[in-house]
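Have a look at the structure that comes next, please.
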Amino acid sequence: MVALATIQVVDWLTATPEVGPFRSSGDQLAYRSAYDEALAIMPTPTRVHHVTTSFGVVRAYEWAAPDATGAPVALLPGRGSGVPMWSENLPRLLEGRILYAFDALGDAGLSAQTAPLVSVADQAQWDRRDAGGARHRARPRGGALLRGCERDGAGGAPPRPGRHLDPARARLRPGLAPASVLGWPAVASLPFLPQGWRDAAVARIAGEDPAGVTSDDPVARMITRGATGYSATLPTPTPPSDDDLRGLAMPVYVALADGSPITGGTASLARAELLPHAQVRVWPDTTHSLPMQVADPLAAELHPFWGAHDG
């Protein structure tokens with residue numbers, strides 16, 4: 001499996017307050033083809049929502065288990081991916097729950113951004129107040145549990161109970177990623193380079209072997225096309241300070257991949273443990289694609305964690 005998502009360093013450094021585009025029509029068509037193919041192998045959604053927000057229309061999918069009793073779970077995708085990235089995880093996560101998954105505004109996916117996201121507060125607004133309307137319109141329930149990959153945890157994101165936090169965007173790793181990693185986003189984002197080179201760069205960022213990249217997996221193709229073909233123009237989040245992390249009162253589950261050059265596994269452990277109500281685990285033999293690589297055992301840990309914070 002190629003990278004779950006890419007921290008697009010070049011885009012962050014050069015971003016302007018605009019609406020992000022695909023780099024070419026070919027990139028967009030290739031992404032959409034892989035997206036549709038990957039979505040088709042997932043369980044059929046119970047409902048599909050199109051939620052109008054201050055920054056565009058959010059495409060949201062709902063899956064409702066017949067025996068759903070716990071609080072609903074909202075799934076946010078990693079950078080450059082989309083809802084179908086959850087194809088490996090969704091069947092297990094759906095047990096006894098209602099799941100909402102949506103494509104992020106300002107990124108690859110089927111949501112339609114119409115206004116710039118100038119600040120991190122803008123990103124939190126469509127997530128919390130606007131896109132959150134999907135679950136409230138569908139079911140008159142209380143707050144949702146939140147599971148995010150990479151983008152979740154950015155400064156200004158709304159606190160929610162039972163949160164699953166991916167450490168890439170929360171900047172749990174002290175300092176920058178290794179210099180050997182920082183040059184690969186430039187390779188991935190240059191449209192005139194052969195697609196194979198760009199795909200290999202995405203794998204390098206994730207700490208994976210480029211030789212393992214395969215065109216047979218539609219999710220892998222969707223993520224590489226999203227990561228290499230979409231030019232995000234999103235604000236750069238401010239890394240939380242140690243005091244910021246200590247001040248987060250909500251329960252948080254933190255999954256750290258030991259083979260991710262972005263988070264560094266144990267390199268992020270000390271900062272993650274600053275969270276006062278955190279359950280932290282470093283998963284062995286995993287890369288930045290951790291959720292897909294350990295889908296079943298991760299779900300086995302998340303269900304009791306979520307259950308402890310329902311209501």
Residue list, salt bridge (charged side-chain N to carboxylate O under 4.0 Å, His left out) with Asp36, at least two apart or on another chain: Arg32

Distance in Å, Leu105 CG paired with Ser111 OG, rounded so as to fall on 0.5 Å steps: 5.0 Å

Joint hydrophobic cluster, Leu94 plus Tyr253, side-chain heavy atoms closer than 4.5 Å: yes

Heavy-atom donor-acceptor pair, His303 side chain to Arg92 backbone, under 3.5 Å: yes

Listed partners of Tyr31 passing ring-ring contact (aromatic ring centres under 6.0 Å, His included), at least two apart: Phe22, Tyr35

Backbone N/O of Gly82 and side chain of Asp103: donor-acceptor pair under 3.5 Å: no

Partners meeting salt bridge (charged side-chain N to carboxylate O under 4.0 Å, His left out) with Arg59 (sequence neighbours left out): none

side-chain contact (heavy atoms from CB on, under 4.5 Å) partners for Ser119, two or more places apart: Ala121, Asp122

For Pro297, all residues meeting side-chain contact (heavy atoms from CB on, under 4.5 Å), sequence neighbours excluded: Trp283, Val294

Any residue meeting side chain to side chain donor-acceptor pair (under 3.5 Å) with Ser241, in chain and number order, not counting sequence neighbours: Asp244

Set of residues satisfying salt bridge (charged side-chain N to carboxylate O under 4.0 Å, His left out) with respect to Asp243, sequence neighbours excluded: Arg246

All side-chain contact (heavy atoms from CB on, under 4.5 Å) counterparts of Val282, not counting sequence neighbours: Leu256, Asp258, Thr266, Leu269

Trp63 side chain to Leu90 backbone, donor-acceptor under 3.5 Å: no

Heavy-atom donor-acceptor pair, Thr224 side chain to Arg221 backbone, under 3.5 Å: yes

For Glu273, all residues meeting salt bridge (charged side-chain N to carboxylate O under 4.0 Å, His left out), sequence neighbours excluded: none

Set of side-chain contact (heavy atoms from CB on, under 4.5 Å) partners for Ala295, sequence neighbours left out: Glu88, Asn89

Verify same cluster id: Leu29, Leu39 (apolar side-chain graph, 4.5 Å): no

Flag side-chain contact, heavy atom, 4.5 Å: Leu117 against Gln113: yes

Residues which pass side chain to side chain donor-acceptor pair (under 3.5 Å) with Ser24, listed by chain and number, not counting sequence neighbours: Asp27

Qualifying salt bridge (Lys or Arg N to Asp or Glu O under 4.0 Å) pairs with a residue from residues 276-291, counting only residues at least two apart or across chains: Arg281-Glu301

Test item: Arg23 side-chain N/O and Thr228 main-chain N/O as donor-acceptor pair under 3.5 Å: yes

